[in-house]
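Remarks on the structure that follows.
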Amino acid sequence: MLEHMPAWLGHALKGLRAGADALVIARSGLGSGAQAGTGFATLDLTSPAFAHEGRLPPRFTADGDGVSPPLVWSVPPAGTAALALIVEDADAPTPQPLVHAIVWHIAADRLRLAEGAIAADGAGTPDGDVGRNSYLREGWLPPDPPTGHGEHRYAFQLFALDAALGDPGVSPGRTALVEAMSGHVLAAGLLIGTYSREEAAPVGPASSAMPA
């Protein structure tokens, strides 16, 4: 894991980052129907555990218990058949962002994921199917940025999908997910949590936004 990378190498790689423009949510061609050429509507995605652009509490990282954080979101637009979540590290020292979690086929009437909900589930459940992270394993890959590499942005991206969406198969990875979603996104939400090592940063205040 990247926490074992020596600090001198982390500092040397500080300028090497995948970039926010490589995140799934930044890709063209995701929008559905009338949204295809104009982007898509916005979902309000928050967490009671950290604020947008706030620091992730260590409990959700490789420095703590390594469980996935709780998430809540607004009611998706009419016509939503299912939702999909992908979490990526925009600042990984790799050509593409590292995938920390994928959850596919979340029920359209579901408005939250509980703490620790992103865990290996085999062929999935009626409420969703947890896909494969960049380590080719199902479940939550706890953030573990290289020591000395600076702040990393972990992008929680939630997509509301129409009824015509494709099938990425059981336990999909990033490529299969993007192919299945392309042309079928009605709305999307973005929540950024940050984390770093060897850099002092206070834990950001928890969001007060909770579903009724």
Side-chain angles (χ1 to χ4, degrees), residues 1-7 9-10 13 17-18 20 23-24 45-73 83-94 96-106 110 112-125 127-158 170-174 177 189-207 210:
M1 301 288 279
L2 296 181
E3 72 268 24
H4 301 304
M5 182 181 290
L9 185 53
L13 295 175
R17 296 170 184 266
L23 295 170
V24 169
L45 176 63
T46 63
S47 175
F50 63 95
H52 178 58
E53 297 186 343
R55 185 171 170 85
L56 288 167
R59 119 174 226 88
F60 305 118
T61 76
D63 293 329
D65 294 334
V67 296
S68 61
L71 300 170
V72 296
W73 54 86
L83 299 127
L85 174 76
I86 182 167
V87 185
E88 299 179 288
D89 178 2
D91 296 297
T94 51
Q96 294 293 325
L98 281 182
V99 176
H100 285 262
I102 287 175
V103 187
W104 168 257
H105 214 272
I106 302 168
R110 191 171 180 183
R112 67 174 69 195
L113 285 178
E115 180 177 309
I118 305 176
D121 63 359
T125 72
D127 285 330
D129 179 21
V130 175
R132 290 177 289 110
N133 55 46
S134 283
Y135 281 57
L136 303 180
R137 300 169 186 161
E138 285 190 354
W140 172 249
L141 178 63
D144 63 340
T147 299
H149 194 251
E151 185 176 83
H152 279 222
R153 294 164 294 170
Y154 296 91
F156 295 75
Q157 304 156 84
L158 183 71
V170 176
S171 302
R174 184 183 196 265
L177 177 74
L190 176 65
L191 172 66
I192 300 291
T194 67
Y195 200 67
S196 59
R197 287 195 174 99
E198 266 199 359
E199 293 190 16
V203 173
S207 169
M210 292 289 288

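Going from atom CZ of Phe156 over to atom CG of Leu113 covers 10.5 Å, rounded to the nearest 0.5 Å. Taking NE2 of His100 as the start and CD of Glu88 as the end, the distance is 9.0 Å to the nearest 0.5 Å. The CD1 atom of Ile86 lies 10.5 Å from the CG atom of Asn133; values are rounded to the nearest 0.5 Å. Rounding to the nearest 0.5 angstrom, the gap separating the CG atom in Leu141 from the CD1 atom in Ile102 is 11.5 Å. Of the inter-residue distances, the one linking Leu83 atom CG with Trp104 atom CH2 reads 10.5 Å to the nearest 0.5 angstrom.
Judged by distance alone, with hydrogens and angles left aside, the side-chain atoms of His152 form no donor-acceptor pair with the main-chain N or O of Tyr195 at under 3.5 Å. Side-chain atoms of Trp73 come within 3.5 Å of backbone atoms of Arg110 as a donor-acceptor pair (strictly under, hydrogens ignored). Between the side chain of Arg153 and the backbone N or O of Asp91, no donor-acceptor pair lies under 3.5 Å. Judged purely by atom type and a 3.5 angstrom limit, His52 has no side-chain atom pairing as donor or acceptor with the backbone of Leu191.
The only member of Asp63, Asp144, Thr61, Thr147 that meets side chain to side chain donor-acceptor pair (under 3.5 Å) when paired with Arg197 is Asp63.
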Go through the steps for Val170 and Asp129 under the test side chain to side chain contact (heavy atoms under 4.5 Å, CB included), then give the verdict.
-> CA-CA 7 Å; Val170 176; Asp129 179 21; 4.3 Å; yes
Carefully, step by step, assess Leu85 and Leu71 under the rule side chain to side chain contact (heavy atoms under 4.5 Å, CB included).
-> CA-CA 10 Å; Leu85 174 76; Leu71 300 170; 3.8 Å; yes
Evaluate the criterion side-chain hydrogen bond (donor to acceptor under 3.5 Å, both in side chains) for residue pair Ser134 and Arg174; output intermediate values, then yes/no.
-> CA-CA 8 Å; Ser134 283; Arg174 184 183 196 265; over 6 Å; no
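Residues Arg132 and Leu136 approach most closely at NH1-CD2, 3.6 Å, considering heavy atoms. Closest of all the heavy-atom pairs between Pro57 and Ala49 is CG-O, 3.6 Å. Of all heavy-atom pairs spanning Gly150 and Ser196, the tightest one is O-CB, 3.5 Å. Taking each heavy atom of Ala155 and Leu190 in turn, the nearest pair found is CB-CD1, 3.9 Å. Here the shortest heavy-atom pairing between Val130 and Gly139 reads CG1-N, 3.3 Å. Across all non-hydrogen atoms, the minimal contact from Ser68 to Ala114 is OG-O, 4.4 Å.
The side chain to side chain contact (heavy atoms under 4.5 Å, CB included) search around Glu115 returns Arg59, Phe60, Val67, Pro70, not counting sequence neighbours. Applying the side-chain hydrogen bond (donor to acceptor under 3.5 Å, both in side chains) test to Ser171 and every residue at least two apart in sequence or in another chain returns Glu138.
Taking the ring centroids of Tyr154 and Phe50, they lie at or beyond the 6.0 Å cut-off.
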